[in-house]
Amino acid sequence: MLDLRTKTVSVEQQESITKDSVTIKVDAVLWYRIVDPMKAIIAVQNYNAAVYQVALTTLRKHHRPAPAGRKY
């Protein structure tokens with residue numbers, strides 16, 4: 001059975017270093033809703049885990065340290 005209601009999931013805290021060398025911790029809450037039930041069942045083995053991993057990767061991407069030597 002596939003639940004089509006909006007779901008909320010807490011994303012584990014991520015630690016990162018800003019471009020000015022300050023350590024920060026970022027918390028997030030993810031909410032999502034399945035809009036194509038067939039794809040959620042057929043195209044992905046575990047859609048809950050897949051959505052969570054995409055959210056975690058996106059969070060890390062937007063809070064990663066700046067490359068060494070980059071000027072702002």
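Predicted model only: the values in this text are computed from it and were never measured. Only this structure's heavy atoms are used, side chains among them; waters, hydrogens and symmetry mates stay out.
The side-chain hydrogen bond (donor to acceptor under 3.5 Å, both in side chains) analysis of residues 28-41, with sequence neighbours excluded, yields the pairs Tyr32-Asn48.
Every residue meeting the side chain to side chain donor-acceptor pair (under 3.5 Å) condition with Asp3, not counting sequence neighbours, appears here in chain and number order: Arg5. Partners of Gln13 according to the side chain to side chain donor-acceptor pair (under 3.5 Å) rule, which considers only residues two or more places apart in sequence or in another chain, are Asp27.
In this structure, Leu4 is a member of the same hydrophobic cluster as Ile41, with clusters built from ILVMFWY side-chain heavy atoms closer than 4.5 Å. The same ILVMFWY cluster, assembled from side-chain heavy atoms under 4.5 Å apart, contains both Val9 and Val26.
The distance from the CD1 atom of Ile34 to the CG atom of Leu2 is 6.0 Å, given to the nearest 0.5 Å.
Gln14 places a side-chain heavy atom less than 4.5 Å from the side chain of Leu56. Leu59 has its side chain within reach of Val11: a pair of non-hydrogen atoms, C-beta onward, lies under 4.5 Å apart.
The two residues Tyr52 and Glu12 make their nearest non-hydrogen contact at OH-N, 3.2 Å.
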